[in-house]
Q: 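This is the structure I have questions about; it appears just below.
Remember, it's 1-based here, ligands and their atoms both numbered in the order they're listed.
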Amino acid sequence: MRKKIAAGNWKMNKTQSEAIELAGAIADVVIPDNTMVILGVPAVFISDVQTAVEGSAVQIAAQNCHQELSGAYTGEISASMLQSMGVEFVILGHSERREYFGESDELLAKKTNTALSQGLKVIFCCGEALPVREAGKHIDFVKNQLEKGLFHLGADDLDSIIIAYEPIWAIGTGVTASDEQAQEMHEAIRSMIEAKYDIETAAKMHILYGGSVKPSNATELFAQPDVDGGLVGGASLKASDFAAIIKA
Ligand code: PEP
């Protein structure tokens, strides 16, 4: 039985004191037994947030890492640095990284390998832009992203992967995929995994939905049979909203 996951992505938001306050408030939320809570925090605040959530079940994700383990890459953060700090997860392939930082599927495959080599778990994002959906090519598009970014991995490695389906047209726009649109894609992703690997691997895979998840739509979205929770941007920045999403 797959657990439900509420993962927040704070992006480039919050000051140090605000991050500590928000993390502390989330750490106080009573997390249902079947639920995992992950906070994707800015790297500079990881240590502060780890202290703020100490003693709770809240886990930490970084929002990116470099494909190399060390070297002359000014300003970058490596998977080994994250591992050495006890970080559990890293978000890779977010559409903002793909779009604003030119991250290709090939680069993301490398980053994924590097993160896994350091024992990190990867929240791997995929999702189509509006014109792709309007052209009815959304499932093929996501399949291509997964084939290039993830499906070189062995079935055992997939235990360390969470897939986040995030249609770009729903991220930060207030427009959410309908329950049916989310379920259609999640079911398709699970079938892709079954076709590439096997039925057990597909059944175990956590697939999150991301794109304007809010307290008002989380319950219905998370009730879809192939939706295992959410990757939440805007609504993870307010403790009361994220607490409601954790409960959902
Ligand atoms: C995200 O960026 O991962 C995201 C889903 O953002 P929002 O919830 O704000 O749409």
Side-chain angles (χ1 to χ4, degrees), residues 4-14 18-19 22-23 26 35-43 45 49 58-65 88-103 108 111-112 115 121-130 132-133 138 141-142 145-146 149-150 161-179 181-183 185-186 189 206-222 224 226-248:
K4 291 285 184 189
I5 300 176
N9 176 13
W10 292 2
K11 310 191 186 187
M12 196 177 71
N13 290 298
K14 303 290 175 192
E18 289 167 349
L22 177 56
I26 299 303
T35 304
M36 260 166 80
V37 175
I38 303 169
L39 298 181
V41 302
F45 302 144
V49 170
V58 173
Q59 300 185 72
I60 308 295
Q63 298 176 14
N64 181 34
C65 70
E88 290 99 351
F89 294 90
V90 60
I91 300 171
L92 292 177
H94 194 283
S95 61
E96 289 153 14
R97 299 275 340 159
R98 291 178 188 262
E99 182 178 350
Y100 306 139
F101 301 92
E103 296 197 357
L108 292 168
K111 288 191 174 201
T112 300
K121 297 191 173 110
V122 173
I123 302 175
F124 189 91
C125 304
C126 56
E128 81 288 352
L130 190 57
V132 177
R133 175 161 284 267
H138 46 292
F141 183 88
V142 166
Q145 284 184 319
L146 295 179
L150 270 193
I161 303 286
I162 295 169
I163 293 175
Y165 167 58
E166 300 206 302
I168 298 170
W169 46 271
I171 297 181
T173 57
V175 178
T176 313
S178 67
D179 302 338
Q181 286 171 320
Q183 172 56 25
M185 181 61 85
H186 284 230
I189 292 173
H206 289 91
I207 308 175
L208 310 185
Y209 167 79
S212 299
V213 174
K214 313 173 249 237
S216 59
N217 58 28
T219 306
E220 282 307 309
L221 280 163
F222 299 171
Q224 302 308 306
D226 288 293
V227 178
D228 302 312
L231 179 56
V232 184
S236 71
L237 295 172
K238 199 169 151 206
S240 57
D241 282 356
F242 196 55
I245 290 169
I246 292 169
K247 295 213 166 70

Q: Using distance alone, determine whether Val232 and ligand 1 share an N or O pair under 3.5 Å.
A: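 No - when backbone and side-chain N and O of Val232 are compared with those of ligand 1, no distance drops under 3.5 Å.
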
Q: Can you measure from OG (Ser95) to CD1 (Ile171) and round to the nearest 0.5 angstrom?
A: 3.5 Å

Q: Looking at ligand 1, does Ala235 have a heavy atom less than 4.0 Å from it?
A: no

Q: Could you say whether the N/O atoms of Ile171 and ligand 1 ever approach to under 3.5 Å?
A: no

Q: Would you say Ile38 and Ile162 make side-chain contact, with heavy atoms under 4.5 Å?
A: yes

Q: For a quick test of reading the model, state the closest non-hydrogen atom pair linking Leu108 to Glu103 and the distance between them.
A: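 The answer is CD2-OE1, 3.3 Å.
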
Q: Atoms of ligand 1 less than 4.0 Å from Gly211 heavy atoms?
A: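 Ligand 1 atoms under the 4.0 Å threshold to Gly211: 5 (C), 10 (O).
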
Q: Taking atom types as modelled, is there a side-chain donor on His94 or Gln63 under 3.5 Å from an acceptor on the other?
A: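 Note: His94 and Gln63 side chains miss the donor-acceptor criterion.
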
Q: Taking only heavy atoms of Leu231, which atoms of ligand 1 are found under 4.0 Å from at least one of them?
A: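 Counting from 1, the qualifying ligand atoms are 3 (O), 5 (C).
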
Q: Any non-hydrogen atom of Lys214 lying under 4.0 Å from ligand 1?
A: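 Per 4.0 Å heavy-atom rule, Lys214 does not contact ligand 1.
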
Q: Please work out whether the ring planes of Tyr209 and His186 are parallel, tilted or perpendicular, with thresholds of 30° and 60°.
A: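 Aromatic pair Tyr209/His186 classed tilted.
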
Q: Should Ala170 be listed as contacting ligand 1, given a heavy-atom distance under 4.0 Å as the test?
A: yes

Q: What protein heavy atom is closest to atom 3 (O) of ligand 1, reported as residue, atom name and distance in Å?
A: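 I find the closest protein heavy atom is Glu166 OE2, 2.7 Å.
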
Q: Spell out, as yes or no, whether a donor-acceptor pair under 3.5 Å connects the side chain of Asp226 to the backbone of Gln183.
A: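 No: the side chain of Asp226 does not pair with the backbone of Gln183.
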
Q: Could you tell me whether Thr173 and ligand 1 have an N or O pair separated by under 3.5 Å?
A: no

Q: Less than 4.5 Å apart, any side-chain heavy atom of Met36 and any of His206?
A: no

Q: Which atoms of ligand 1 are found less than 4.0 Å from any heavy atom of Asn9?
A: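 Taking each heavy atom of Asn9 in turn, ligand 1 has 2 (O), 3 (O) under 4.0 Å.
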
Q: At less than 4.0 angstrom from any non-hydrogen atom of Gly172, what atoms of ligand 1 do you find?
A: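 What qualifies from ligand 1 is 7 (P), 9 (O), 10 (O).
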
Q: Taking all non-hydrogen atoms of both residues into account, name the closest pair between Cys126 and Ile189 and its distance.
A: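 Taking Cys126 first and Ile189 second, the nearest heavy atoms are SG-CD1, 4.3 Å.
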
Q: Search all heavy atoms of Leu22 against all heavy atoms of Ser236 and return the closest pair with its distance.
A: CD2-O, 3.6 Å

Q: How far is atom 8 (O) of ligand 1 from its nearest protein heavy atom, and which residue and atom name does that atom have?
A: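 Answer for atom 8 (O) of ligand 1: Gly233 N, 2.8 Å.
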
Q: What do you reckon, does Gly234 have a nitrogen or oxygen under 3.5 Å from a nitrogen or oxygen of ligand 1?
A: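 N/O-N/O distance under 3.5 Å: yes.
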
Q: Could you tell me the residue and atom name of the protein heavy atom closest to atom 1 (C) of ligand 1, and the distance to it rounded to 0.1 Å?
A: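 Answer for atom 1 (C) of ligand 1: His94 NE2, 3.2 Å.
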
Q: Counting C-beta onward and ignoring hydrogens, is there a side-chain heavy-atom pair between Gln145 and Arg98 closer than 4.5 Å?
A: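 The answer is yes, as the side chains (C-beta and beyond) meet within the 4.5 Å cut-off.
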
Q: Closest non-hydrogen protein atom to atom 2 (O) of ligand 1, residue and atom name please, with distance?
A: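 Nearest neighbour among protein heavy atoms for atom 2 (O) of ligand 1, to 0.1 Å: Lys11 NZ, 2.5 Å.
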
